[in-house]
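Reading through the structure tokens given below for one structure.
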There are 2 protein chains.
Amino acid sequence: MAERTSSADLRRLILDTTRHLLVEKGYADLSMRKIAKAIGYSATSIYLHFENKDALFHALIEEGMERLLAELKQAEAAHPGDPVARLEALCQAYVHFGLENPEYYEIMLLLHPAHMARYPADKFRRARRNLDVIEAALIDGVNQGVMQATNTRVSTSVIWAALHGAVSLLNAKRVDIRIAHKDLIAETVRHTLRGCCPSLER
Amino acid sequence: MAERTSSADLRRLILDTTRHLLVEKGYADLSMRKIAKAIGYSATSIYLHFENKDALFHALIEEGMERLLAELKQAEAAHPGDPVARLEALCQAYVHFGLENPEYYEIMLLLHPAHMARYPADKFRRARRNLDVIEAALIDGVNQGVMQATNTRVSTSVIWAALHGAVSLLNAKRVDIRIAHKDLIAETVRHTLRGCCPSLER
DNA sequence: CGTCGTTACTTAACGCCGTTAACAAGACCA
DNA sequence: TGGTCTTGTTAACGGCGTTAAGTAACGACG
């Protein structure tokens with residue numbers, strides 16, 4: 001069992017090491033050569049497992065999307081009956097993920113479109129499953145008459161945009177330092193819910 | 001009068017050329033050497049006018065902030081009496097600026113924090129003046145009883161985050177292609193207003 | 001046993017990058 | 001006239017992503 005690192009193991013090692021370096025040193029500091037040095041191989045070895053640097057990051061993005069989806073599903077499962085409470089939990093889960101995994105979040109959502117050119121379309125579609133969870137809550141809410149939306153697809157993206165804006169501004173430290181993170185988050189969620197639930201009085 | 005390009009002129013030429021290259025080729029394609037080639041000087045000449053690449057971009061950021069502020073001020077002046085209409089116009093102006101100047105917007109708000117480390121604090125403060133225009137509308141609205149906000153500073157950032165999220169997702173082409181830009185924008189503005197103006201029925 | 005192809009990995013190199021050091025030519029001024 | 005400041009240059013450093021070429025170990029097969 002305790003054989004030498006096999007091919008698949010090395011791929012796994014590259015991914016794990018890259019993720020750790022990403023969290024510790026940040027995206028800007030990451031290079032193929034540094035990853036290679038960290039795992040004790042030459043830089044060109046990485047190219048045996050990933051077509052190029054973008055492909056390596058795409059694999060990490062996919063993992064990040066899966067993690068996010070898992071957290072959203074968990075929030076969803078906690079409020080099966082109440083779409084408003086569910087939407088609120090989803091908003092909290094999204095923001096929480098973004099703030100707790102800033103480096104993950106950066107490559108997942110801030111990586112420049114130029115790096116995404118080679119990103120396969122089917123993975124883009126899988127990433128959209130995260131939004132489906134939010135839209136499902138919206139649809140439930142509309143059907144139960146507690147939410148209003150002329151187009152749930154559009155409203156879902158609007159909600160996503162609001163959450164993404166808050167996360168990315170906070171992570172980039174662009175928000176007025178006199179504002180506590182939790183206040184901005186709480187108010188963002190409140191705004192978001194108020195935007196969908198006309199009857200809400202909070 | 002038609003002398004050789006003076007020192008200040010070359011600085012201006014560098015800034016203008018960089019801005020044009022930025023719009024034409026994008027941020028990722030930009031290098032000191034390419035800028036130098038475009039203006040017909042050696043790369044090291046740029047360092048006579050800007051401490052480094054970041055400083056050059058900081059100067060562009062400042063110009064962009066001034067342009068954005070001018071557009072916001074214009075929207076503000078168009079609705080002196082009605083804070084709700086003013087806030088709506090401000091939201092539209094912000095989004096419009098972001099979508100019409102994607103490369104400007106990128107360096108202004110998407111440039112990685114690492115590049116901003118040397119960004120002087122006073123310029124950060126000047127950048128915040130853009131938000132002051134929004135907050136002024138909020139304060140007016142609250143005073144007139146047509147808006148509600150427990151903390152206008154927090155609410156201002158929440159609004160900003162929602163607008164920024166929409167702009168950056170649209171510019172990054174991350175929004176579902178079946179959603180028209182103008183629909184997302186309209187719904188974002190509507191959500192934003194509904195979040196602040198409890199009496200609004202639209 | 002020997003050879004052959006495959007796999008896993010290396011070193012060397014290419015052409016970029018931001019940035020610095022060293023130097024040259026003209027302007028200005030004592 | 002001579003010295004210094006300004007404005008520009010070329011050459012170089014170390015780093016980057018990536019590719020080309022080579023090597024060493026290994027399993028299969030005659």
Side-chain angles (χ1 to χ4, degrees), chain A residues 2-19 21-22 24-61 103 106-107 111-119, chain B residues 1-19 21-22 24-61 106-107 111-119:
Chain A
E3 303 142 287
R4 303 296 308 279
T5 62
S6 80
S7 177
D9 285 346
L10 183 52
R11 183 191 155 93
R12 194 62 256 158
L13 180 61
I14 293 170
L15 281 173
D16 291 341
T17 304
T18 305
R19 195 181 60 247
L21 287 178
L22 195 59
E24 285 166 25
K25 314 275 185 174
Y27 173 73
D29 251 21
L30 220 56
S31 73
M32 299 296 265
R33 286 171 159 92
K34 286 181 183 173
I35 297 168
K37 178 171 283 185
I39 60 174
Y41 285 76
S42 73
T44 49
S45 293
I46 301 176
Y47 289 85
L48 299 173
H49 300 274
F50 299 94
E51 193 188 343
N52 50 42
K53 194 184 185 185
D54 281 350
L56 168 55
F57 279 97
H58 292 344
L60 275 182
I61 288 172
E103 305 293 351
E106 179 178 350
I107 62 167
L111 208 54
H112 193 276
H115 293 281
M116 306 304 288
R118 317 190 224 184
Y119 197 65
Chain B
M1 356 222 103
E3 305 140 282
R4 301 296 308 276
T5 60
S6 81
S7 177
D9 285 347
L10 183 50
R11 185 189 153 92
R12 194 63 253 160
L13 180 61
I14 293 170
L15 280 172
D16 291 341
T17 304
T18 305
R19 196 179 62 246
L21 287 178
L22 195 61
E24 285 167 25
K25 312 275 187 176
Y27 172 72
D29 252 22
L30 221 56
S31 73
M32 299 296 263
R33 288 170 158 92
K34 285 180 184 173
I35 297 169
K37 178 171 283 186
I39 60 173
Y41 284 76
S42 73
T44 49
S45 293
I46 300 176
Y47 288 85
L48 299 174
H49 299 91
F50 299 93
E51 191 188 346
N52 50 41
K53 195 185 184 185
D54 281 349
L56 169 54
F57 279 96
H58 293 343
L60 275 182
I61 288 172
E106 182 178 348
I107 63 167
L111 208 54
H112 192 279
H115 294 281
M116 307 304 288
R118 317 190 224 187
Y119 196 64

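Labels below follow one simple rule: chain letters A, B, ... track the order of the sequence lines, proteins then strands, and each chain is numbered from 1. All values derive from a computational prediction rather than experimental measurement.
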Sugar-phosphate only, base, or nothing, as touched by A:Ser31 at under 4.0 Å among non-hydrogen atoms
sugar-phosphate

Does A:Arg19 pair with A:Asp16 as a salt bridge, N-O distance under 4.0 Å?
yes

Is there a donor on the side chain of A:Arg33 or the base of D:dG15 sitting less than 3.5 Å from an acceptor on the other?
no

Validation row: B:Leu10, B:Leu48 side chains within 4.5 angstrom (heavy atoms):
no

Please tell me if A:Ser45 has a side-chain N or O lying less than 4.0 Å from either OP1 or OP2 of C:dT10.
yes

Here's a test of your reading of the structure: between A:Glu51 and A:Asp29, which maps to the more 5' nucleotide of DNA chain D?
A:Asp29

Any non-hydrogen side-chain atom of B:Phe50 less than 4.5 Å from a side-chain atom of B:His58?
no

pair A:His112-B:Glu106: side-chain heavy atoms closer than 4.5 Å:
yes

To the nearest Å, give me how far apart NZ (A:Lys53) and P (D:dC16) are.
9 Å

Polar side-chain contact B:Thr44-D:dT10 base: donor and acceptor under 3.5 Å
yes

What is the distance, to the nearest angstrom, from the CG atom on B:Leu13 to the C1' atom on D:dT7?
15 Å

Just to confirm, is there a sub-4.0 Å distance from OP1 or OP2 of C:dT20 to any side-chain nitrogen or oxygen of B:Tyr47?
no

What is the distance, rounded to the nearest whole Å, between atom CE of B:Met32 and atom P of C:dC16?
18 Å

Rounded to whole Å, please give me the gap between CD1 in B:Ile35 and P in C:dC16.
16 Å

Which part of the nucleic acid, if any, lies within contact of B:Ile46, taking any heavy atom under 4.0 Å across all strands shown: a base, the sugar-phosphate backbone alone, or nothing?
nothing

Find the distance A:Lys37:NZ to D:dG14:P and express it as a whole number of Å.
13 Å

What integer distance in Å separates B:Arg118:CZ from C:dT19:P?
6 Å

Contacts of B:His49 and A:Lys34 projected onto DNA chain D by closest heavy atom; the upstream (5') one is B:His49

